[in-house]
Amino acid sequence: MSKKMIHTCVRVKDLEKSLIFYKEVLGMQEVRRLDYPENKFTLVYLALPGDEMELELTYNYDQTESYELGNGYGHIAIGVNGLVDTHEELSQSGYDVTELKGLSDGAATYFFIKDPDGYKIEIVQL
């Protein structure tokens, strides 16, 4: 039996704000969009160029309050070459960006950025 990861889903309050963040700030591309007006929701699938793993944004039309992220959600991770340059660029984006951090054993260097709904995205050096 063959297995592979296909997508991660997050629910978003404002689809347009989320699309601006994931497309313009993180460089993702829309792969497909499925609208279900009779059920009052839209699914938008995004991926980084050349990557098969997708991020599914679920937009429920009637959601007026921010979603509670809970204490079980961790983060989405994106690997980049040129972490310092990426950090500098994203720090100018107007979104919440942490300082560069590193693990004590040197295994990873990273920072976090939050999307419009407060989801954390880890940006880590490849």
>> Check whether Asp117 reaches the backbone of Lys13 with its side chain - one donor and one acceptor, N or O, closer than 3.5 Å.
In response: yes

> Atom CG of Leu48 and atom OH of Tyr22: how far apart are they, to the nearest 0.5 Å?
Replying inline: 11.0 Å

>> Go through it in stages, so that I can follow the logic: the residues are Leu55 and Met28, the test is side chain to side chain contact (heavy atoms under 4.5 Å, CB included), and I'd like the CA-CA distance, side-chain angles, deciding distance and then a yes or no.
In response: CA-CA 9 Å; Leu55 177 64; Met28 293 183 153; 4.3 Å; yes

> For Glu38, does the CD atom sit with more than 12 other heavy atoms under 6.0 Å from it, leaving out its own atoms?
Replying inline: yes

>> Within the 4.5 Å heavy-atom criterion, are Arg33 and Leu19 side-chain neighbours or not?
In response: yes

> Would Leu26 end up clustered with Met53 when hydrophobic side chains under 4.5 Å apart are linked, directly or stepwise?
Replying inline: no

> Side chains of Thr42 and Leu34: does their closest heavy-atom pair fall under 4.5 Å?
Replying inline: no

>> Are Tyr61 and Phe41 an aromatic pair, judged by ring center distance below 6.0 Å?
In response: no

> Do the side chain of Asp35 and the main chain of Pro37 share a donor and acceptor less than 3.5 angstrom apart?
Replying inline: no

> Can Glu56 and Thr58 be counted as having a side-chain donor-acceptor contact under 3.5 angstrom?
Replying inline: yes

>> Are Ile20 and Tyr45 linked, directly or through intermediate hydrophobic residues, by side-chain heavy-atom contacts shorter than 4.5 Å (ILVMFWY only)?
In response: no

> How far does CD1 of Ile123 sit from NE2 of His87, to the nearest 0.5 angstrom?
Replying inline: 10.0 Å

>> So which atom in Phe21 and which in Lys114 form the shortest heavy-atom distance, rounded to 0.1 Å?
In response: CE1-O, 3.6 Å

> Passes side chain to side chain contact (heavy atoms under 4.5 Å, CB included), Thr98 versus Lys101? Steps please.
Replying inline: CA-CA 8 Å; Thr98 67; Lys101 299 178 183 183; 4.3 Å; yes

> Roughly how far, to the nearest 0.5 Å, is the CD atom of Glu52 from the NE2 atom of His7?
Replying inline: 14.5 Å

> Would Tyr59 and Ser18 count as having a side-chain donor-acceptor pair, cut-off 3.5 Å?
Replying inline: no

> Going by heavy atoms in the side chains, are Ser93 and Ile113 under 4.5 Å from each other?
Replying inline: yes

> Are side-chain heavy atoms of Phe111 and Val97 found at a separation under 4.5 Å?
Replying inline: yes

> Where do Ile78 and Val124 land on the side chain to side chain contact (heavy atoms under 4.5 Å, CB included) test, with the steps shown first?
Replying inline: CA-CA 6 Å; Ile78 296 175; Val124 63; over 6 Å; no

> Tyr110 and Leu103: side chain to side chain contact (heavy atoms under 4.5 Å, CB included), yes or no, with the steps?
Replying inline: CA-CA 9 Å; Tyr110 61 93; Leu103 296 178; 4.1 Å; yes

>> With a 4.5 Å cut-off on side-chain heavy-atom distances among I, L, V, M, F, W and Y, is there a chain of contacts connecting Val25 to Leu15?
In response: yes

>> Restricting to non-hydrogen atoms, name the atom on Glu88 and the atom on Gln92 that form the minimum distance, rounded to 0.1 Å.
In response: O-CG, 3.3 Å

> Rounded to the nearest 0.5 Å, how far does CG of Leu100 lie from CZ of Phe112?
Replying inline: 12.0 Å

> Does some side-chain heavy atom of Val80 sit less than 4.5 Å from a side-chain heavy atom of Leu126?
Replying inline: no

>> Rounded to the nearest 0.5 Å, what separates atom CD in Gln125 from atom OG1 in Thr86?
In response: 8.0 Å

>> Has Asn60 got a side-chain atom pairing as donor or acceptor with Asp62's backbone, closer than 3.5 angstrom?
In response: no

>> To the closest 0.5 Å, what do you measure between CZ (Arg11) and CD (Glu68)?
In response: 13.0 Å

> Can you tell if the side chain of Arg32 reaches within under 4.5 Å of the side chain of Glu30, non-hydrogen atoms only?
Replying inline: no

>> Has Gln29 got a side-chain atom pairing as donor or acceptor with Val31's backbone, closer than 3.5 angstrom?
In response: no

> For Asp105, does the CG atom sit with more than 12 other heavy atoms under 6.0 Å from it, leaving out its own atoms?
Replying inline: yes

> Of all heavy-atom pairs between Lys17 and Tyr95, which one has the smallest distance, and what is that distance?
Replying inline: O-OH, 4.4 Å

